[in-house]
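Data block below; observations after.
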Amino acid sequence: MDAVFQRCIDPACAATAALDDTSFVCPRCGGLLDVAYDWNRLRPPESLRFFEGKWSQRTEPLSFSGVWRFRELLPFAAPEKVLTIGEGQTILQRADIVAGYVGLEAGKLYLQYEGMNPSGSFKDNGMTAAFTHARMVGARRAACASTGNTSASLAVFCSATGLMKAVIFIGSGKISYGKLAQALDHGALTVQIAGDFDDAMLRVQQVAKKLGIYLVNSINPFRLEGQKTIMYRILEALRWEVPDWIVVPGGNLGNVSAFGKAFIELLDLGLIRRAPRLAVINAAGSNTFYQLFEKQGLRWNNGKPAASVSEAYYANLDANQIRASTIASAIEINRPVNLTKALRALDRCQGLVREVTDQEILDAKAKVGAGGFGCEPASAASVAGTKKLRQEGVIAPGERVVCVLTGHQLKDPTATVAYHSTDQKTFDEVLGKRGVRRAAFANRAVQVPNDLDEIIKAIEVYS
Ligand code: F0G
């Protein structure tokens, strides 16, 4: 057996696949795969403080990268194979104004700004890992279905390295302009499907298999290896202290799966003594995980979640033609491919799921913008969810909470401008149809005639 391989996540199956296998499904049961390590042969560090030494090596690209400076914890690639574009230079910011909004004590809320990545979202953490694996297996084309950020990330990795052609599948009219602009500008072959993300996800898997194109969606376990490092950077920024809660928006459930794996491995390696609790926040209009976990009691069940529960749920969606629908287009997903892995993460990290409305998301987003660096709507679900968990008393006011802000504010200017707009028609067209009724934290532009006295008067009145 090799020291690194792929393995079915169901412990009772545990079938393995070779490191260079690119089918990304268990060869025996068709389930999800992990990247698995024989740690006895790989010699991981004995303390997380080991990684502090990497800061003095910042002129080396692998130590500069916020992903690969932790490469001893994702040791699947030889250093010369790694493809990095400088991803993972992100910031953990103490956010007291937002803490006040959600009902936490000052100093207890931190925001992890993954929008600082080269393509503007957390996806670059995973893409550098998948891209590295794609290079290891000699891929020439890479594909994904996307609500916009995975495709933007893939497009940037292809344009910046010139090593592969990006083929992206998006639901027609389903991604925000910032993200579409990136795909087009970076030269990706952009296939707009008459359908939504769930349709595109099915198609891309069929096409990738048929044409032998390397798939970079988060069903690819190498993607998740890269996304583990978001957690390492949070721990690093907190001087290796484990927070009480990590709160993250849930769409295809790749992130929560990766975070769970990160903590399971750190516990197994004895590098931390306890894991934080994980909270996944769905948008109410695309709340499959919330429904299955919280309402129908679906659990990891040691690798065998009751398939009848999720099958009946999906059959009902189909029978009633229910489609995902939320202003947070990044998480407008009803059939999360990583469902079982996400259940494992919640099992091992005492996790839970909540849903928040588009109104709650946009209000939280405005607060993040007013009290920090800003984020796109989906990301603000984490803050809105934290507020809800505080109100429920699940999170205590003195607990230390990290919300992962997954994407940059400029990814979706339409939603932001509509929220702050003085024009009721713009508001109604973009937000009213989503059930958003008010913009309590709107910062309205002030209309003034082109006249010096009037301008000065307006500034004196409003500032
Ligand atoms: N936040 C943002 C900004 C996203 O783009 C996504 C997913 C999520 C949260 C949810 O993360 O899927 O790991 O649960 N976007 C994918 C895409 C689906 O295609 O860009 P998840």
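What's counted below: heavy atoms across the whole structure, side chains too, no hydrogens, waters or symmetry copies.
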Lys NZ or Arg CZ of Arg69 over Phe64 ring: under 6.0 Å, within 45°: no

Test item: Ile234 and Met231 side chains (from C-beta on) under 4.5 Å apart, heavy atoms: yes

Heavy-atom closest contact (Arg299 atom, Phe293 atom, distance): NH1-O, 2.9 Å

Main-chain N/O of Met116 paired to Gln89 side chain as donor or acceptor, under 3.5 Å: no

From CA spacing to verdict: side chain to side chain contact (heavy atoms under 4.5 Å, CB included), Ile85, Thr161: CA-CA 8 Å; Ile85 60 168; Thr161 64; 4.2 Å; yes

Note, Ile361 side chain near Val436 side chain (heavy atom, < 4.5 Å): no

pair Arg335-Leu202: side-chain heavy atoms closer than 4.5 Å: no

N/O donor-acceptor pair under 3.5 Å between Asn220 side chain and Phe222 backbone: yes

Rounded distance [0.5 Å steps], CG in Leu32 versus OG in Ser257: 8.0 Å

Side-chain heavy atoms of Trp68 within contact of Glu87, under 4.5 Å: yes

Thr132 side-chain N/O to Leu83 backbone N/O, donor-acceptor pair under 3.5 Å: yes

Test item: Asp185 side-chain N/O and Ala181 main-chain N/O as donor-acceptor pair under 3.5 Å: no

Ring geometry between Trp240 and Phe51 (parallel below 30°, tilted from 30 to 60°, perpendicular above 60°): tilted

Aromatic plane relationship, Tyr101 with Phe441 - under 30° parallel, 30 to 60° tilted, over 60° perpendicular: perpendicular

From Phe289 atom CZ to Leu343 atom CG, the distance as rounded to the nearest 0.5 Å: 5.0 Å

Note, Asn302 side chain near Trp300 side chain (heavy atom, < 4.5 Å): yes

Any side-chain donor near an acceptor of the partner, Gln227 and Lys261, under 3.5 Å: no

Side-chain (Asp196) to main-chain (Asp198) donor-acceptor, under 3.5 angstrom: yes

Test log, rule side chain to side chain contact (heavy atoms under 4.5 Å, CB included), inputs Phe259 and Val404: CA-CA 11 Å; Phe259 300 171; Val404 182; 4.1 Å; yes

Whether Asn217 side chain and Ala145 backbone form a donor-acceptor pair below 3.5 Å: yes

Which atom of Ser286 lies closest to which atom of Glu332, heavy atoms considered: OG-CA, 3.9 Å

Contact summary for Lys179 and Thr147, nearest pair of heavy atoms: CD-O, 3.8 Å

Step-by-step side chain to side chain contact (heavy atoms under 4.5 Å, CB included) determination, His133 to Glu225: CA-CA 11 Å; His133 184 248; Glu225 289 307 289; over 6 Å; no

Lys174 and Asp199: CA distance, side-chain angles, deciding distance, salt bridge (Lys or Arg N to Asp or Glu O under 4.0 Å) verdict: CA-CA 12 Å; Lys174 289 289 182 185; Asp199 298 316; over 6 Å; no

More than 12 heavy atoms of other groups within 6.0 Å of Arg444 CZ: yes

Positive for side-chain hydrogen bond (donor to acceptor under 3.5 Å, both in side chains) with Glu114, one of Asn255, Thr90, Asn149: Thr90

Separation between CZ of Phe122 and OG1 of Thr229, rounded to the nearest 0.5 Å: 11.5 Å

Heavy-atom donor-acceptor pair, Glu241 side chain to Leu238 backbone, under 3.5 Å: no

Short side-chain donor-acceptor distance under 3.5 Å, Thr406 and Ser379: yes

Donor-acceptor under 3.5 Å (Thr414 side chain, Asp412 main chain): no

Candidate list Arg434, Lys387, Lys388, Arg438, test salt bridge (Lys or Arg N to Asp or Glu O under 4.0 Å), partner Glu360, passing option: Lys388

Heavy-atom closest contact (Ile170 atom, Ser146 atom, distance): CG2-O, 3.6 Å

Residue pair Phe24 / Pro221: nearest heavy atoms and the distance that separates them: CD2-CD, 3.4 Å

Test item: His186 side-chain N/O and Val156 main-chain N/O as donor-acceptor pair under 3.5 Å: no

Lys304, NZ: over 12 other non-hydrogen atoms inside 6.0 angstrom: yes

CA sep, side-chain torsions, deciding dist, call: Glu429, Lys425, salt bridge (Lys or Arg N to Asp or Glu O under 4.0 Å): CA-CA 6 Å; Glu429 269 168 17; Lys425 199 161 155 269; 3.6 Å; yes

Distance (rounded to the nearest 0.5 Å) between Cys403 SG and Leu109 CG: 5.0 Å

Beyond-backbone contact of Asn287 with Val353, side-chain heavy atoms, under 4.5 angstrom: no

Euclidean distance, Leu389 CG relative to Glu399 CD, rounded to 0.5 Å: 10.0 Å

Step-by-step salt bridge (Lys or Arg N to Asp or Glu O under 4.0 Å) determination, Lys457 to Asp451: CA-CA 10 Å; Lys457 208 160 78 188; Asp451 176 281; over 6 Å; no

From Asp124, Thr150, Leu154, residue fulfilling side-chain contact (heavy atoms from CB on, under 4.5 Å) relative to Ser119: Asp124

Flag if over 12 foreign heavy atoms under 6.0 Å of CG, Leu163: yes

Flag side-chain contact, heavy atom, 4.5 Å: Leu235 against Ile272: yes

Member of Arg274, Arg277, Arg400 meeting the salt bridge (Lys or Arg N to Asp or Glu O under 4.0 Å) criterion with Asp244: Arg274

Pair Tyr313-Lys295, side chain to side chain contact (heavy atoms under 4.5 Å, CB included): steps then yes or no: CA-CA 11 Å; Tyr313 181 82; Lys295 297 289 172 191; over 6 Å; no

Pairwise side-chain contact, Val337 with Leu253, heavy-atom cut-off 4.5 Å (strictly under): no

Heavy atoms of other groups near Arg203 CZ, more than 12 under 6.0 Å: no

Heavy-atom closest contact (Val256 atom, Ala342 atom, distance): CG1-CB, 3.7 Å

Gap between atom CZ of Phe70 and atom NZ of Lys228 - 0.5 Å precision: 12.0 Å

Asn282 side-chain N/O to Gly250 backbone N/O, donor-acceptor pair under 3.5 Å: yes

Side-chain donor-acceptor pair present, Arg223, Asn338, cut-off under 3.5 Å: no

